[in-house]
Amino acid sequence: MSLWYYEIFENKSRLGLKVNKTVFQAKSEFQTVEIFETDLFGKVLALDSTYQTSVGDEFYYHEMIVHPALTTAPQIRRVLVIGGGDGGSVREVLRHQEVNHVTMVEIDAVVVDACKKHLPEIGQAWSDPRLELLIQDGVAFIEKYNGGPFDVIIIDGPDPVGPAKGLFKYEFYRDCCEKLSPQGVLVVQSESPHVSSESFIDIVSELKKAFRAVHPYLGPVPIYPCGGWSYVYASNQLNPLKIIDQRAERIEKACRYYNRDIHRAAFALPNNLKRILNSK
Ligand code: SAM
């Protein structure tokens with residue numbers, strides 16, 4: 001008999017995956033952490049029964065949360081990643097040779113240790129000497145941070161529940177904005193605009209209180225509810241379509257999804273989303 005794993009989305013739909021084997025299971029101080037092997041996506045990471053990433057489709061998400069910012073910010077020497085315990089985002093950041101230092105702040109050591117051990121295909125950059133990994137709450141980290149400004153901040157958090165709630169609030173975005181360089185940029189994953197449009201709209205509204213220029217963009221993530229995902233690019237003065245060609249050309253050779261055409265297309269929003277955003 002086959003074993004199936006279901007992510008139940010808001011008690012309205014469920015995405016089932018046939019599981020071949022459970023690889024890891026633990027209950028941390030913050031959440032239930034599971035890794036299992038599936039036919040469709042290979043190894044999958046789930047937190048509190050919610051799919052986070054998989055070996056088979058992670059590149060859609062990690063390339064799109066990282067490269068639009070890193071191919072448009074004038075300086076990318078100092079990067080902060082909050083969350084991202086699977087290591088996929090820092091791997092993509094560290095592909096850029098101009099990056100000197102990445103601080104990654106992840107709340108849950110159990111996620112990091114499990115991903116280092118069982119998902120090495122995703123976190124390929126754990127031993128890069130430019131990476132500083134801190135196990136702590138990203139909200140508290142940014143509130144207290146008094147070091148040099150960051151050029152780019154990537155918020156790679158889960159859904160806005162539990163310990164991640166604070167990662168979606170105005171006060172957190174305001175603190176991030178204060179710790180960015182004047183020409184810096186923040187990118188946050190902003191849920192499904194198609195099936196969680198309230199969360200998407202809330203995130204955009206909270207960001208607008210903290211930043212002058214807020215640009216949502218879209219991309220597919222097959223393992224997330226209904227497959228269509230969004231991100232927001234927030235800055236005080238950057239144009240997300242002003243791509244630094246030389247940098248993007250170099251990086252797109254290593255990518256499976258991201259390229260300059262995809263970058264430009266991702267910022268084109270359909271009418272239904274334009275209308276709901278304009279009505280707020
Ligand atoms: N791609 C995923 C998604 O959109 O569902 C996010 C993946 S990543 C595994 C999310 C990480 O954020 C988790 O490892 C979780 O432990 C971490 N996290 C949650 N709240 C956090 C907080 N307040 N500070 C830092 N990390 C946090």
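Index from 1, following the sequence.
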Residues V19, E37; criterion side chain to side chain contact (heavy atoms under 4.5 Å, CB included); working and verdict
CA-CA 6 Å; V19 173; E37 201 173 279; 5.9 Å; no
Determine, stepwise, if the pair Y257 / I262 fulfils side chain to side chain contact (heavy atoms under 4.5 Å, CB included).
CA-CA 8 Å; Y257 184 73; I262 289 286; 3.4 Å; yes
Kindly determine whether V152 and L80 satisfy side chain to side chain contact (heavy atoms under 4.5 Å, CB included), including the steps that lead there.
CA-CA 6 Å; V152 178; L80 170 66; over 6 Å; no
Between T103 and H101, is a side chain to side chain contact (heavy atoms under 4.5 Å, CB included) present by the stated rule, with each step listed?
CA-CA 7 Å; T103 308; H101 191 85; 3.5 Å; yes
If you apply the rule side-chain hydrogen bond (donor to acceptor under 3.5 Å, both in side chains), what do you find for H62 with D86, and how did you get there?
CA-CA 10 Å; H62 293 125; D86 51 71; 3.1 Å; yes
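I76 is not connected to I153 by any chain of hydrophobic side-chain contacts under 4.5 Å among Ile, Leu, Val, Met, Phe, Trp and Tyr, and they are in different clusters. V93 and V188 fall into different hydrophobic clusters, where Ile, Leu, Val, Met, Phe, Trp and Tyr are joined by side-chain heavy atoms under 4.5 Å apart, directly or via other members. A continuous path of Ile, Leu, Val, Met, Phe, Trp and Tyr side chains, each step under 4.5 Å between heavy atoms, connects V90 with Y61, placing both in one hydrophobic cluster. Under the 4.5 Å side-chain heavy-atom criterion for grouping Ile, Leu, Val, Met, Phe, Trp and Tyr, V112 is not connected to F141 through any hydrophobic cluster. Hydrophobic clustering (ILVMFWY, side-chain heavy atoms < 4.5 Å, transitive): V105 and I107 are in distinct clusters.
The hydrophobic cluster analysis finds I243 isolated: no Ile, Leu, Val, Met, Phe, Trp or Tyr side chain comes under 4.5 Å of it, directly or through other members. When hydrophobic residues (I, L, V, M, F, W, Y) are linked wherever their side-chain heavy atoms come within less than 4.5 Å, I244 remains an isolated member.
At least one side-chain heavy atom of Y51 sits under 4.5 Å from a side-chain heavy atom of V44. Counting only heavy atoms from C-beta outward, the side chains of L269 and P193 never approach each other to under 4.5 Å. With a 4.5 Å cut-off on side-chain heavy atoms, P68 and V187 do not count as touching. Two residues are said to be in side-chain contact when any heavy atoms from C-beta on lie closer than 4.5 Å; I142 and K179 meet this criterion. Annotation: side chain of L241 is in contact with side chain of F267 (closest heavy-atom distance under 4.5 Å). Side-chain contact between M104 and L131 is present, with heavy atoms from C-beta onward closer than 4.5 Å. A 4.5 Å side-chain heavy-atom check between F41 and V55 finds every atom pair outside the cut-off. A 4.5 Å side-chain heavy-atom check between C255 and H67 finds at least one atom pair inside the cut-off.
For K18, the salt bridge (Lys or Arg N to Asp or Glu O under 4.0 Å) test picks out D39, with sequence neighbours left out. By the salt bridge (Lys or Arg N to Asp or Glu O under 4.0 Å) test, D128 pairs with R130, sequence neighbours left out. Among residues two or more places apart in sequence or in another chain, the salt bridge (Lys or Arg N to Asp or Glu O under 4.0 Å) test is passed with E252 by R260. Residues that satisfy the salt bridge (Lys or Arg N to Asp or Glu O under 4.0 Å) test with E10, not counting sequence neighbours, are K12. N146 meets the side chain to side chain donor-acceptor pair (under 3.5 Å) test with no other residue; sequence neighbours excluded.
Between P149 and L180 the shortest heavy-atom distance is CB-C, 4.0 Å. Taking each heavy atom of I35 and A114 in turn, the nearest pair found is CD1-O, 3.8 Å. Taking both residues in full, the closest heavy atoms of Y5 and A46 are given as OH-CB, 3.6 Å, listed atom of the first, atom of the second, then distance. The minimum heavy-atom distance between L47 and L45, with the atom names listed, is CD2-CD1, 4.2 Å. Taking each heavy atom of S89 and V81 in turn, the nearest pair found is CB-CG1, 4.2 Å. Across all non-hydrogen atoms, the minimal contact from L238 to P74 is CD2-CD, 3.8 Å.
S54 and D57 share a side-chain donor-acceptor pair at under 3.5 Å. Q237 and Q183 share a side-chain donor-acceptor pair at under 3.5 Å. Side-chain contact, Y258 with T71: a donor N or O sits under 3.5 Å from an acceptor N or O.
Among residues at least two apart or in separate chains, salt bridge (charged side-chain N to carboxylate O under 4.0 Å, His left out) pairs with a member in residues 112-125 are K43-E121. Among residues at least two apart or in separate chains, salt bridge (charged side-chain N to carboxylate O under 4.0 Å, His left out) pairs with a member in residues 91-104 are E58-R91, E92-R95, E98-R247, E98-R250. Applying the salt bridge (charged side-chain N to carboxylate O under 4.0 Å, His left out) test to pairs two or more places apart or on separate chains, none has a residue in residues 132-157.
Remark: side-chain polar atoms of E106 are paired, donor with acceptor, to backbone N or O of G85 under 3.5 angstrom. A donor-acceptor distance shorter than 3.5 angstrom exists from the side chain of T50 to the backbone of D48, with no hydrogens or angles considered. Counting only distance, with no hydrogens or angles, the side chain of E63 and the backbone of R256 share a donor-acceptor pair below 3.5 Å. Side chain of S192 to backbone of V195: a donor-acceptor contact under 3.5 angstrom is found.
Note that CG of N239 and OG1 of T72 are 8.5 Å apart. Values are rounded to the nearest 0.5 Å. Atom OG1 of T32 sits about 6.5 Å away from atom CD of E34, to the nearest 0.5 Å. For the atom pair OH of Y145 and CD of E178, the computed distance is 13.5 Å after rounding to the nearest 0.5 Å. A distance of 4.5 Å separates OG of S197 from CD1 of I276, quoted to the nearest 0.5 Å. Rounding to the nearest 0.5 Å places CZ of F36 at 13.5 Å from CZ of F24. Annotation: the span from C176 atom SG to I154 atom CD1 amounts to 11.5 Å, rounded to 0.5 Å.
No more than 12 heavy atoms of other residues, nucleotides or ligands lie within 6.0 Å of CZ in R14, so this atom counts as exposed by the packing criterion.
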Just distance, no hydrogens or angles: give the donor-acceptor pairs under 3.5 Å from side chains in residues 209-232, sequence neighbours left out.
{"residue": "K209", "atom": "NZ", "partner": "E206", "partner atom": "OE2", "Å": "2.7"}
{"residue": "Y217", "atom": "OH", "partner": "M64", "partner atom": "O", "Å": "2.6"}
{"residue": "Y224", "atom": "OH", "partner": "Q52", "partner atom": "O", "Å": "2.5"}
{"residue": "W229", "atom": "NE1", "partner": "Q189", "partner atom": "OE1", "Å": "2.9"}
{"residue": "S230", "atom": "OG", "partner": "S190", "partner atom": "O", "Å": "3.0"}
{"residue": "S230", "atom": "OG", "partner": "S190", "partner atom": "OG", "Å": "2.7"}
{"residue": "S230", "atom": "OG", "partner": "E191", "partner atom": "O", "Å": "2.7"}

Using residues 158-175 as the side-chain source, report each donor-acceptor pair under 3.5 Å to any protein atom, sequence neighbours left out, with the distance given to one decimal.
{"residue": "Y173", "atom": "OH", "partner": "L167", "partner atom": "O", "Å": "3.1"}

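The only option from V79, V102, V66 that meets the side chain to side chain contact (heavy atoms under 4.5 Å, CB included) definition with L94 turns out to be V102.
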